Amino acid sequence: MTLISKIKKNSRVIYLSLLFVASCTIAIFSFPLQGKFKYEYQKGAPWQHETLIAPFNFPIYKTELELKNERDSLLSNFSPYFKYEKKVAEANIARFKNEYSTNFEAALKIVRTEYNGIRRRDTLKAFCENKSIEILNFIYGKGVVDYNDLLANAGSNPTIMVMFDNIAKISNVDEVFTQKLAYKYISSFLSEKYPEQPFLVALIENLKLYNYVEKNLIFDQSITLRFQNQLIAQISQTEGMIQAGELIVSMGQLIKNDNYKVLESLRKEYESFLGSDTNNRWIFTGQVLLVIICFGTLFLFMYNFRKVILDSFLKSLFVFMMVILMVISTSIVSRLGNISLYVIPFAAVPIIIHAFYDARLAFFIHLITVVLCGFWAPNGFEFVFLNVVAGAVAIFTLAQMYRRGQLFLTVGLIVLSYSLSYFAVALMQEGDLSKINVNNFMWFAANGALLLVSYPFIFVFEKIFGFLSEVTLLELSDTNHPALRALAEKAPGTFQHVMQVANLAEEVARRIGANPLLTRVGTLYHDIGKTGAPSFFVENQSGVNPHDGITYDKSAEMIIQHVHHGVALARKYKLPQPIVDFIVTHHGKGVVKYFYTKYANENNGVVPDISKFSYPGPSPFTKETAILMMADAIEAASRTLKEYNEETIGNLVEKIVAAQIADNQFADADITYRDVTIAKEVFKEKIMRIYHSRIEYPDLKEPEEK
């Protein structure tokens with residue numbers, strides 16, 4: 001055997017090996033080269049390990065809450081920076097001077113209506129002009145600021161910093177003006193300055209000086225942030241030191257705030273030490289082994305319980321891709337630092353996988369994903385616990401994705417499960433409601449929003465990987481689909497047949513744990529090929545039989561042709577491959593026995609060429625297609641019974657199923673003898689109900705004449 005032929009023969013193994021190696025490689029290089037503290041602990045729980053002594057000197061780091069409080073305290077007393085714009089005052093005062101003569105005449109005309117004794121004098125005009133300019137210069141000298149800028153950036157701080165040509169001077173907030181305060185100042189200043197000259201106050205007020213007041217203090221965000229960052233940088237990250245040999249925590253001792261802070265400080269220093277160049281190769285080796293173990297466990301699960309996935313490269317790629325997407329997301333978020341890992345919608349993994357596969361596989365993949373990512377989470381146990389609960393809720397509540405509003409309910413329950421689980425853990429750790437980090441609840445809400453956004457990816461994956469979701473199945477189950485409408489119009493007898501078979505097959509699927517919706521939809525389309533020559537099938541005949549006058553092998557060819565024509569129609573209507581599988585397997589590699597036997601009997605027992613009388617196959621290779629094969633044959637044969645009772649129906653079902661088993665039709669399907677036994681009981685029960693005896697209604701007799 002040549003090398004190329006060996007490669008072709010083992011191509012599936014090679015592809016899976018490459019996929020496994022690629023997935024492990026991406027996962028390994030997605031995470032930072034960082035060691036892990038060897039002790040696991042929880043605040044509020046006893047220390048489960050041996051008594052811990054400080055192995056080296058290390059500082060005690062402040063908690064995030066303590067650092068936040070210090071930052072908030074500093075920023076609450078921080079004076080924001082405003083830039084003084086000198087040109088604003090110059091431009092507005094110049095405009096005032098240019099418009100003064102006109103404004104003075106208008107103001108004088110108004111004031112004379114109230115004060116008749118006023119005579120126009122040049123000295124009055126000059127006085128008002130000088131006094132107005134003096135007022136404007138005073139206002140601009142103090143500074144005019146936008147009220148919203150002041151409120152947003154100064155807050156309750158009583159001072160601001162004003163930059164005059166790169167020189168900062170402190171100013172009290174009470175001393176600067178807003179446009180509204182400037183208007184009030186002008187009015188009150190004149191009234192207080194000239195209480196006995198109301199005509200003068202009225203004259204200057206009517207000059208409308210507020211029209212020449214514009215903000216000249218502009219908030220400088222860049223300078224403000226620069227000085228804020230400098231101030232924050234001065235905050236010490238530590239508070240005290242622990243000396244080597246000092247007792248940190250005793251075995252069985254309850255972990256409270258003080259020793260928890262010390263443990264967290266030791267963990268940070270320990271992991272920082274592990275991240276040194278001398279330890280990198282061992283950390284890398286450990287990460288490689290952990291990733292291989294996780295992916296290896298997933299591989300072994302599918303090999304033992306879901307081998308059909310490993311038989312398809314696309315299906316295997318989809319599973320490993322879902323895990324890798326979450327790993328990469330975890331890596332990105334953990335590197336950002338200011339975003340919580342709880343924002344990552346890990347529950348999307350079981351939701352999306354459950355749309356195409358069963359709940360058991362979905363939950364196992366979710367478990368492997370969160371365990372793998374949990375190695376790099378700050379609090380691994382809490383992270384894994386919360387996400388496992390959320391994943392279980394996602395699977396249990398989203399059993400039927402096609403129901404309107406079901407996803408919104410599921411997302412709401414996932415967010416609630418996150419919140420309740422975290423609340424329970426936080427209460428146990430903190431023992432105080434006021435110390436619970438409420439920001440995590442916001443991250444849980446954001447997680448739910450991302451879950452809603454990720455839902456459309458189900459349809460994207462469906463198209464890319466050729467999967468079949470329940471939503472699509474529900475759409476295909478509509479009998480107004482063009483393929484089913486054509487079947488009802490061209491082959492009404494066949495249409496009634498497939499409806500009866502669909503009812504039988506769906507009930508069997510439900511009883512033995514197969515997919516009822518997939519079974520029903522596949523059954524509805526399995527005979528669409530009969531529209532090519534409907535009269536050749538007995539259920540569509542009405543007196544004329546086109547088989548009369550043609551040879552038996554030609555008749556067999558016409559019967560077998562409905563499988564080929566069905567596949568062609570499926571391609572035309574773009575039916576998914578799982579539905580096409582029902583078309584090509586519902587007769588398996590069986591023989592058209594009626595015409596085969598007729599041929600042999602009329603030719604003195606000469607054995608005909610069986611290939612001319614055999615369906616192309618393949619045989620059923622899933623539980624659902626095996627159910628269809630049984631239901632199709634039993635429903636068709638039940639129409640030929642002359643008498644319907646438990647014995648005749650029971651014998652018919654047993655005979656047909658036994659013949660199919662004898663022909664090895666179910667050898668490739670994952671259906672057990674127990675499943676077959678249950679299926680036979682369902683067929684007997686359902687057919688008895690279909691053909692149950694009905695009472696004979698009496699005729700209404702005419703009343704006798706008296």
Side-chain angles (χ1 to χ4, degrees), residues 19-20 22-24 26-27 30-31 290-291 293-302 305-306 309-310 314-334 340-377 380 382-399 401 406-407 410-415 417-418 421 443-444 446-462 464-465 467 469-471:
L19 178 60
F20 182 85
S23 300
C24 291
I26 294 171
S30 293
F31 290 103
L290 283 174
V291 170
I293 290 170
C294 287
F295 278 103
T297 303
L298 177 58
F299 180 86
L300 289 174
F301 175 86
M302 292 190 292
F305 302 105
R306 299 295 183 273
I309 296 177
L310 296 179
L314 278 179
K315 293 178 180 179
S316 302
L317 175 63
F318 169 71
V319 169
F320 282 96
M321 184 193 70
M322 291 301 300
V323 179
I324 289 299
L325 283 176
M326 291 296 106
V327 169
I328 293 174
S329 300
T330 304
S331 176
I332 293 172
V333 172
S334 62
S340 172
L341 290 180
Y342 289 125
V343 77
I344 303 174
F346 284 96
V349 173
I351 288 176
I352 293 175
I353 293 178
H354 191 211
F356 308 119
Y357 298 107
D358 59 285
R360 184 181 179 188
L361 176 66
F363 186 73
F364 191 84
I365 294 173
H366 175 66
L367 186 63
I368 290 293
T369 303
V370 297
V371 167
L372 181 60
C373 296
F375 281 113
W376 288 269
E382 176 187 298
F383 174 85
V384 172
F385 173 70
L386 265 62
N387 280 290
V388 166
V389 172
V393 170
I395 292 174
F396 296 152
T397 60
L398 201 59
M401 297 185 66
Q406 183 68 42
L407 180 67
T410 296
V411 169
L413 291 174
I414 289 172
V415 173
S417 69
Y418 268 124
S421 300
W443 292 121
F444 298 147
N447 184 306
L450 289 175
L451 279 175
L452 290 174
V453 173
S454 65
Y455 179 72
F457 282 100
I458 292 175
F459 304 101
V460 175
F461 292 139
E462 184 176 8
I464 293 176
F465 294 97
F467 295 148
S469 69
E470 289 188 342
V471 177

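All figures in this text were calculated on a predicted structure; none of them were measured in a lab.
- The shortest heavy-atom contact between A347 and A390 is CB-O, 4.4 Å.
- Note: F461 CZ to I353 CD1 = 9.5 Å, rounded to the nearest 0.5 Å.
- Legend: salt bridge (charged side-chain N to carboxylate O under 4.0 Å, His left out) pairs involving residues 361-371, not counting sequence neighbours: none detected.
- Taken from OG in S316 to CD1 in I309, the straight-line distance is 7.0 Å, to the nearest 0.5 Å.
- Applying the salt bridge (charged side-chain N to carboxylate O under 4.0 Å, His left out) rule to pairs touching residues 317-334 yields nothing, sequence neighbours excluded.
- Residues passing the side chain to side chain contact (heavy atoms under 4.5 Å, CB included) test with I464 are V460, sequence neighbours excluded.
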Under 3.5 Å, sequence neighbours excluded: what are the donor-acceptor pairs made by side chains of residues 295-302?
residue : atom : partner : partner atom : Å
T297    : OG1  : I293    : O            : 2.7

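- The aromatic rings of F444 and Y418 sit parallel, their planes meeting at an angle under 30°, below the 60° perpendicular limit.
- The closest donor-acceptor contact from the side chain of N387 to the backbone of V370 lies at 3.5 Å or more, if one exists at all.
- In terms of heavy-atom proximity, A27 sits nearest to V291 at CB-CG1, 3.8 Å.
- Partner P350 forms a side-chain contact (heavy atoms from CB on, under 4.5 Å) with one of I395, V393, L361 and no other, that one being I395.
- Separating the CD1 atom in I344 from the CH2 atom in W443 is a distance of 10.5 Å, to the nearest 0.5 Å.
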Derivation of the side-chain contact (heavy atoms from CB on, under 4.5 Å) call for I351 and I414: CA-CA 11 Å; I351 288 176; I414 289 172; 4.1 Å; yes

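- Taking both residues in full, the closest heavy atoms of F320 and S23 are given as CB-OG, 3.5 Å, listed atom of the first, atom of the second, then distance.
- For the atom pair I368 CD1 and C294 SG, the distance stands at 5.5 Å (nearest 0.5 Å).
- Sorted by first then second residue, the salt bridge (charged side-chain N to carboxylate O under 4.0 Å, His left out) pairs that include residues 317-326, not counting sequence neighbours, number zero.
- Using a 4.5 Å cut-off on side-chain heavy atoms (C-beta onward), F346 and C373 make contact.
- Residues passing the side chain to side chain contact (heavy atoms under 4.5 Å, CB included) test with S30, sequence neighbours excluded: I26, V327, I328, S331.
- Under the rule for a ring-ring contact (aromatic ring centres under 6.0 Å, His included), F20 has no partner lying at least two apart in sequence or in another chain.
- S334 meets the side chain to side chain contact (heavy atoms under 4.5 Å, CB included) test with L341; sequence neighbours excluded.
- Rounding to the nearest 0.5 Å gives a distance of 10.0 Å between CG of N447 and CG of L386.
- Residues forming a ring-ring contact (aromatic ring centres under 6.0 Å, His included) with F459 (at least two apart in sequence, or on another chain): Y455.
- The 12-atom threshold is exceeded at CZ of F364, counting heavy atoms of other residues, nucleotides or ligands nearer than 6.0 Å.
- The shortest side-chain heavy-atom distance between T410 and L451 does not fall under the 4.5 Å cut-off.
- Minimum heavy-atom separation, S421 to V389: OG-CG1, 3.7 Å.
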Begin with the C-alpha distance, continue with both residues' side-chain angles, and end with the deciding distance and a verdict on side-chain contact (heavy atoms from CB on, under 4.5 Å) for F457 and E462. CA-CA 8 Å; F457 282 100; E462 184 176 8; over 6 Å; no

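- Residue pairs meeting the salt bridge (charged side-chain N to carboxylate O under 4.0 Å, His left out) criterion with at least one member in residues 344-371, sequence neighbours excluded, are R306-D358.
- A392 meets the side chain to side chain contact (heavy atoms under 4.5 Å, CB included) test with F363, F396; sequence neighbours excluded.
- Here the side chains of T369 and M322 are not in contact, with every heavy-atom distance at 4.5 Å or above.
- The line from CD1 of I365 to CD1 of I352 is 11.5 Å long, rounded to the nearest 0.5 Å.
- Within the 4.5 Å cutoff, no side-chain heavy atoms of F465 are placed close to those of F356.
- In this structure the side chain of F318 reaches within 4.5 angstrom of the side chain of F467, judged on heavy atoms.
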